[in-house]
Amino acid sequence: MGRMRITHIGGPTALIEFAGWRILTDPTFDPPGRRYFFGWGTTSRKLTGPSIQPDDLGPIDAVLVSHHHHGDNLDPTAQALLPRWGTTVTTKKAAAKLGGVGLDAWDTTTLEAPGKPTITITATPCRHGVVGSDPITGPVVGFALAWEGQQHGQLWITGDTVLYPALREVPERLDVGTLLLHLGSVRFRYLSGWLRYTMDAREGVELIDLVAPTNVVPVHYEGWSHFQQDRPVAEPVLATSRYADRITWLDPGLAAELEA
């Protein structure tokens, strides 16, 4: 009950296992090579495929989709598989299209199954870009998971976001123990110059130091051409955090057993 296993599949996609639950985050299983169009002239090419194929995943109880309208967070292969992967928890706009449970920031829902602890999911705020970008980038949420048996606090999956005031409120309102941190410093220089749509490593350090978590697992920094900071760039920056010894980098395909 006090342990969990996180497997980094690639990009933002991770498999989280604890107390009999198997939960998938932002599933992306297309092969490499495709170009994705995100709207308003923004595109990205997928550079690497998933480290685990869907048929090799085993049973999935639930899927957490931070947003459905960007192919680097939910691609066509994964979308077609959602009906066989249990409950989908996502934004209200995405749920209207995909089915499942739709949440706005600070809404909650629960996952229940015989013989397993009930999970309370709290949707956390995200802003996928600069001030005023929400109408362009669309709704995004993160997820904080709480269940009986946690010893160090909730598991928080930040989702695609920059660091902004509403995000800073999360560690004030929730007791966070494990941080699944979306990075990448997403930019489209040909369209928006140096404006970013996700956290860079510097902001990651600031958030880690605000949260003071027991565990940090970075994701969403490799595999697509619009990610501007991969691990070799981000790792030395995150190493400046006061809690650098709590950061676990997982190359795609690798897993870690962590205290929950």
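Basis for what follows: all heavy atoms, side chains included, without hydrogens, waters or symmetry-related copies.
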- [ ] List the steps and the verdict of side chain to side chain contact (heavy atoms under 4.5 Å, CB included) for F29 and I9.
- [x] CA-CA 9 Å; F29 289 95; I9 295 173; 3.9 Å; yes
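Between T109 and V89 the shortest side-chain heavy-atom distance falls below 4.5 Å. The side-chain heavy atoms of T90 and V63, taken from C-beta on, include no pair separated by under 4.5 Å. Residues I119 and I23 are in side-chain contact: their nearest non-hydrogen atoms beyond the backbone lie under 4.5 Å apart. Within the 4.5 Å cutoff, the side chain of P27 has heavy atoms near those of the L74 side chain. Counting heavy atoms from C-beta outward, T158 and W156 have side chains that approach closer than 4.5 Å. Using a 4.5 Å heavy-atom cutoff, the side chains of W85 and L57 are in contact. Side-chain contact between D251 and H8: absent, with no pair of heavy atoms (C-beta onward) separated by less than 4.5 Å. Side-chain contact between H220 and N73: present, with at least one pair of heavy atoms (C-beta onward) separated by less than 4.5 Å.
R34 CZ to L47 CG: the interatomic distance, rounded to the nearest 0.5 Å, is 14.5 Å. In this structure, D30 CG and T77 OG1 are separated by 3.5 Å, a value rounded to the nearest 0.5 Å. Note that the OG1 atom of T178 and the CG atom of L145 stand 10.5 Å from one another [nearest 0.5 Å]. Rounding to the nearest 0.5 Å gives a distance of 10.5 Å between CG of L180 and CG of N215. With values rounded to the nearest 0.5 angstrom, E235 atom CD is found 11.5 Å from L183 atom CG. Note that CE of M199 is 11.5 Å distant from CD of Q229, once rounded to the nearest 0.5 Å.
Judged purely by distance below 3.5 Å, without hydrogens or angles, the side chains of S225 and S44 pair a donor atom with an acceptor atom. Checked by atom type, the side-chain pair T28/D75 shows no donor-acceptor distance below 3.5 Å. Side-chain contact annotation: S241 with D209, donor-acceptor N/O pair under 3.5 Å present.
Between D26 and T13, the shortest heavy-atom contact is O-OG1, 2.6 Å. Looking at every heavy atom in both residues, Y164 comes nearest to P125 through OH-CB, 3.4 Å. The two residues R22 and G58 make their nearest non-hydrogen contact at NH1-C, 3.5 Å. Minimum heavy-atom separation, G71 to Y36: CA-CD2, 3.8 Å. Between I60 and L24, the shortest heavy-atom contact is CG2-CB, 4.1 Å. Between E148 and P117 the shortest heavy-atom distance is O-CB, 4.1 Å.
With hydrophobic clusters built from ILVMFWY side chains whose heavy atoms lie under 4.5 angstrom apart, V237 shares a cluster with W249. Hydrophobic clustering, with ILVMFWY side chains joined whenever heavy atoms are under 4.5 angstrom apart, groups L155 together with L250.
Of the possible donor and acceptor atoms, one in the side chain of T198 sits under 3.5 Å from a partner among the backbone N and O of V186. Although no hydrogens or angles enter the test, the distance criterion places a donor-acceptor pair under 3.5 Å between the side chain of R45 and the main chain of G33.
For residues 48-58, the set of pairs meeting the side-chain hydrogen bond (donor to acceptor under 3.5 Å, both in side chains) definition, not counting sequence neighbours, comprises D55-R84.
Using a 4.0 Å cut-off between charged nitrogen and carboxylate oxygen, K116 and D61 count as a salt-bridge pair.
Each of H69, H70, H182 was scored for a ring pair (Phe, Tyr, Trp, His ring centres under 6.0 Å) with H128, with one residue passing: H70. Of the options Q151, H152, Q150, a side chain to side chain donor-acceptor pair (under 3.5 Å) to E259 is made by H152 and by none of the others.
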